[in-house]
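Working notes, structure below.
In the text below, chain A, chain B and the rest are named by the order of the sequence lines, each starting its count at 1.
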Amino acid sequence: MLIVTWNVNSLKARLARVTAWLEEVQPDVLCVQETKMTDAAFPALTFHEMGYEAAHFGQGQWNGVAILSKIGLNDVVANFATGEPDHEARIITANCGGISVSSVYVPNGRALDHEHYQYKLRWMRQLREHAAAVSSPEGKLVIAGDYNIAPDDRDVHDPAKLVGQTHVSDEERKVLSDLCAWGIRDVFRDHYSDGKLFSWWDYRGGDFHQGRGMRIDLMLATKSVADKTTWCGIDRNARKGEQPSDHAPVMMMVGE
DNA sequence: ATGGTGGCCCGGCCA
């Protein structure tokens with residue numbers, strides 16, 4: 001079972017690239033972030049014609065998350081399963097082939113002294129409660145998406161340059177490790193210990209071609225799923241060419 | 001180099 005997460009940075013702007021990529025790679029499940037559209041505008045029929053059921057939770061011009069699946073899509077929950085209110089569309093959950101899958105777009109944070117940073121920390125703490133509401137550490141759960149947090153210094157190009165900025169602060173890394181401590185882990189790190197393996201590169205300054213990126217798109221899985229993951233990867237080719245997203249798809253293969 | 005690019009949708013905001 002191939003499960004993928006991809007922040008597409010506007011599904012409207014990226015639809016042709018997303019459908020071409022789906023045709024080529026044929027993942028079983030695709031978690032999408034930053035669709036930036038309403039539920040009414042979501043191209044569910046386009047995906048259905050390609051063999052995917054789809055569920056979308058959007059709000060309009062910002063945020064928006066979706067799950068596409070060709071192995072079943074049941075028990076869809078928009079927003080936190082705890083019922084905790086959130087004014088932005090950042091998380092959707094569904095059961096796909098027996099695995100509970102959440103597609104998440106964690107708040108960016110903007111700056112350490114910004115109110116949005118506190119929102120980010122609160123949101124991550126809520127995500128831990130959400131995990132406990134939909135699964136147990138012994139269950140089958142994947143929370144995939146754009147966390148806007150680089151787990152450690154291997155996950156950024158130049159740690160020294162980023163001191164004092166978001167994505168790398170101790171507090172952000174702490175709320176991420178607290179989530180993992182509940183009973184979920186970063187499966188990419190089971191398969192790759194090297195640094196400089198990134199999933200996002202700023203559009204500016206030729207950062208992609210200069211290798212200046214971050215690994216902020218993560219797939220966290222409970223033990224029963226993580227232990228059966230045979231392969232992980234990041235499709236850098238999807239960051240190349242005409243009108244790419246600034247994120248690349250991150251993939252995990254779960255065996256049976 | 002507090003710039004740069006690209007998405008929202010048309011003036012800045014957000015990433």
>> Within the 4.0 Å limit for protein heavy atoms, which parts of nucleotides 6-15 of chain B are touched? Write it as a string from 5' to 3', B for base, S for sugar-phosphate only, - for none.
In response: SBS----BSB

> Salt bridge or not for A:Lys70 and A:Glu53, using N-O below 4.0 Å?
Replying inline: no

>> With rounding to the closest Å, how many angstrom separate the C1' atoms on B:dG4 and B:dC14?
In response: 15 Å

> In whole Å, what separates the P atom of B:dT2 from that of B:dG7?
Replying inline: 26 Å

> What's the CD-P distance between A:Gln210 and B:dT5, to the nearest Å?
Replying inline: 14 Å

> Other than A:Tyr203, what residues sit in its cluster of Ile, Leu, Val, Met, Phe, Trp and Tyr side chains whose heavy atoms are under 4.5 Å apart, directly or through others?
Replying inline: none

> When clusters are formed from ILVMFWY side-chain contacts under 4.5 Å, directly or step by step, what else is grouped with A:Val106?
Replying inline: A:Phe80, A:Ile91, A:Val104, A:Leu112, A:Tyr117, A:Tyr119, A:Leu121, A:Trp123, A:Met124, A:Leu127, A:Val134, A:Leu141, A:Ile143, A:Tyr147, A:Ile149, A:Val175, A:Leu176, A:Leu179, A:Trp182, A:Ile184, A:Leu218, A:Leu220

> In the hydrophobic clustering (ILVMFWY, side-chain contacts below 4.5 Å, transitive), which residues join A:Ile216, or is it alone?
Replying inline: A:Val156, A:Leu162, A:Val168, A:Trp200, A:Met214

>> Apply the hydrophobic cluster definition, ILVMFWY joined by side-chain contacts under 4.5 Å directly or through others, and give me every member besides A:Phe208.
In response: A:Phe198, A:Trp201

> Does anything in residues 71-89 of chain A pair up under salt bridge (Lys or Arg N to Asp or Glu O under 4.0 Å), and if so which pairs, sequence neighbours excluded?
Replying inline: A:Glu88-A:Arg90

> Considering only the C1' atoms, how many Å lie between B:dG11 and B:dG6, rounded to the nearest integer?
Replying inline: 16 Å

> On a whole-Å scale, what distance lies between the C1' atoms belonging to B:dC9 and B:dA15?
Replying inline: 16 Å

